[in-house]
Structure formats: C-alpha cells, structure tokens
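This report refers to the structure that appears directly beneath it.
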Amino acid sequence: MEKDVKVYVWDLPVRLYHWINAVCIVILMVTGIYIGKPFAAASIPEEAYYSNLMGWARYIHFFTAFVFTAAFIYRMFWCFAGNKFARFNPLRLLFWKDLWETIKFYLFLKNKKPHFMGHNPLAFLSYWIFNYLGSAIIILTGFYMYAEPQKQSVLGKLFAWVPYIFGDSYSLRSWHHLVAWAFMLFIVLHVYLAFRDDYLERCGSISSMFTGYKTEPKHAVGEEHDK
C-alpha cells in the first residue's frame, strides 16, 4: 500500500488572508445590514446619542473595511510572490480543460478530473470572480460612499472616478449591496466544496487552512497539474 505524505501547500500569508478575510466579511455583512435596515434598538427608550448603536455599527464597518482592503492588496501581491499554489494562470488551455472535468466531478458526472494538491481550476476561478473581483468592486464602491459627503477630501478626490464605472449614487449603492450578497453565496458554495473535497479525497482540506499541510498520495507529489 502506498504511503501518504504531508505536503506544505498553503503558506502563512495565504492562511492569514483566508481567515482575516472571512472574519471581515462576516463583520461587514452584519454591520452593513444593520446600517441599511437597523434590526435592534436601545433596550430603554432614550436619546440616540446615549447608546449610539448606529454610530458604533458605522465605526466598526469602516474600520473593518480598511482591514479588508489592506488584506486584499497584500493577497494580490502574494499572487505573484507566493509559492506555486498561491499563483493562478488562466491563459493555459489545460486550465480550461481541467475546469470542465472538475465541474463534472462536482456534479457527480463521469469525468477525468486530475489530482490537484492546491486549488483546483473551479476553486481558482470562483475565487477570482466572487472573491477577488467582488472585493475590488465592493472596495471601490464602499470607499466612494465613505468619502461622498466630503468630495473635496483626499479620499473623495481619489475615488471621484468611481461613478463613471458604476453609475450614479443609487446605482453605486446597488452594486455594493448586490456584491455583498454575492459574497454570502460564495461562502455557502466554498464551505460545501471544501467539506466535500475533504470527505471524498481525505486530504485534510479543512485542517490545511490552519496548518498549511495537506495529506497527499506519494505519487501525486510533483504532479504536472500543480506546477
């Protein structure tokens, strides 16, 4: 029987980004929903400035947005500076062939999906569409809204061009809102696929985001698809 080996797949910056990003998304979603439609109030009727629930929701939302943005910028840098599992190249024909086979695999159809030690093509594509592109949209629209009351400020001037892409203030807010809910859809799909992959392949996908190591068959180490 072939012996499985431990492979260091996710380096520390990738793992830190994963969990910081996850925490930020949850906080931003909860506070964002509250800002849009407050679902709680002070237990004792009083002037708003005593409890300042809306104020705190906004402060937390804004602070988390800056952390979210910093993490996103660093992750984009790590797409080029990280190890081979952190990089992504959609320009190869092989990537799209493997993507189709991976889709069939997750749909329980007959397939020729190769083994991947890092992210498979479907995971990579979903991250770039939902997570990275979504992050860029929500950051741009968010910072524009943040600076909109003070258009002559540094941030106001820095993001003054955003409406030329996303439309007027109402359209821009709609983009921000819709992408936020797209993140929720992505999280559901991501958690399902991660647990499914861990269960079917017994590779430690879940624990690898804590330790960085996955359990792989010895013959799969150095496979061409992971290069």
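- Using a 4.5 Å cut-off on side-chain heavy atoms (C-beta onward), I165 and Y144 make no contact.
- Note that CH2 of W78 is 16.0 Å distant from CD1 of I73, once rounded to the nearest 0.5 Å.
- In the hydrophobic clustering of ILVMFWY residues, with side-chain heavy atoms under 4.5 Å counting as a link, I20 and V26 come out apart.
- By the 4.5 Å heavy-atom criterion applied to side chains, M209 and K214 are not counted as neighbours.
- Annotation: F124 is not in aromatic contact with Y127 [ring centroid separation under 6.0 Å not met].
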**OP:** Go through F105 and K112 one step at a time and tell me if the side-chain contact (heavy atoms from CB on, under 4.5 Å) criterion holds.
**Re:** CA-CA 8 Å; F105 169 77; K112 297 180 180 178; over 6 Å; no
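- Criterion: ILVMFWY side-chain heavy atoms under 4.5 Å apart, direct or through other members. Under it, I206 and Y192 are part of a common hydrophobic cluster.
- For H176, there are no ring-ring contact (aromatic ring centres under 6.0 Å, His included) partners two or more places apart in sequence or in a different chain.
- Taking the six-membered ring for Trp and the full ring otherwise, F159 and Y146 have centroids separated by 6.0 Å or more.
- Side-chain heavy atoms closer than 4.5 Å link hydrophobic residues (I, L, V, M, F, W, Y) into clusters, and following such links, even through other members, never connects V188 to L125.
- Between the side chains of H61 and Y34, no donor-acceptor pair of N or O atoms lies under 3.5 Å.
- Grouping Ile, Leu, Val, Met, Phe, Trp and Tyr residues whose side-chain heavy atoms lie under 4.5 Å apart, directly or via other members, places V23 in a hydrophobic cluster with I27, I60.
- Side-chain contact between Q150 and L155 is absent, with no heavy-atom pair separated by less than 4.5 Å.
- L122 approaches I103 most closely through the heavy-atom pair CD1-CG1, 4.1 Å.
- When all heavy atoms of A147 and S153 are compared, the closest pair comes out as CB-OG, 4.4 Å.
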Subject >> Derivation and outcome, side-chain contact (heavy atoms from CB on, under 4.5 Å), residues F68 and N21 >> reply: CA-CA 6 Å; F68 179 84; N21 190 55; 3.0 Å; yes
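- Contacts of K104 classified as salt bridge (charged side-chain N to carboxylate O under 4.0 Å, His left out), with partners at least two apart in sequence or in another chain: E101.
- Counting heavy atoms from C-beta outward, D168 and L172 have side chains that stay 4.5 Å or more apart.
- Side-chain contact check for F183 versus L28: every heavy-atom pair is 4.5 Å or farther apart.
- Cluster membership check: F63 does not share its hydrophobic cluster with Y17, using side-chain heavy-atom separations under 4.5 Å among Ile, Leu, Val, Met, Phe, Trp and Tyr.
- Between Y132 and F72, the ring planes lie tilted relative to each other; the angle falls in the 30° to 60° range.
- Heavy atoms from other residues, nucleotides or ligands lying under 6.0 Å from CZ of R173 number more than 12.
- W19 has its ring centre less than 6.0 Å from the ring centre of F210.
- At a threshold of 4.5 Å between side-chain heavy atoms, the hydrophobic network of Ile, Leu, Val, Met, Phe, Trp and Tyr places F80 and F95 in two separate groups.
- For the residue pair W10 and N83, no side-chain donor N or O sits within less than 3.5 Å of a side-chain acceptor on the partner.
- The aromatic rings of H190 and F186 sit parallel, their planes meeting at an angle under 30°, below the 60° perpendicular limit.
- Rounded to the nearest 0.5 Å, atoms OG (S135) and CZ (R75) are 11.0 Å apart.
- Heavy-atom minimum distance, S169 versus E148: OG-OE2, 3.2 Å.
- No more than 12 heavy atoms of other residues, nucleotides or ligands shown are found within 6.0 angstrom of CZ on F195.
- Nearest heavy-atom pair across A182 and F130 is O-CD2, 3.8 Å.
- Other residues, nucleotides and ligands contribute at most 12 non-hydrogen atoms within 6.0 Å of the CH2 atom of W175.
- For the pair T69 and F143, the minimum side-chain heavy-atom distance is below 4.5 Å.
- Between atom CD1 of residue I35 and atom CE of residue M145 there is a gap of 9.0 Å, rounded to the nearest 0.5 Å.
- Between Y8 and Y213, the two ring planes are tilted [angle within 30° to 60°].
- Note that CZ of R58 and CG of L53 are 13.5 Å apart. Values are rounded to the nearest 0.5 Å.
- Nearest heavy atom pair, residue C24 against residue V67, reads SG-CG1, 3.8 Å.
- The backbone N or O of W96 sits nowhere less than 3.5 Å from a side-chain atom of D98 that would complete a donor-acceptor pair.
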Subject >> Test side-chain contact (heavy atoms from CB on, under 4.5 Å) applied to I25 and I187, step by step >> reply: CA-CA 9 Å; I25 289 175; I187 288 175; 3.6 Å; yes
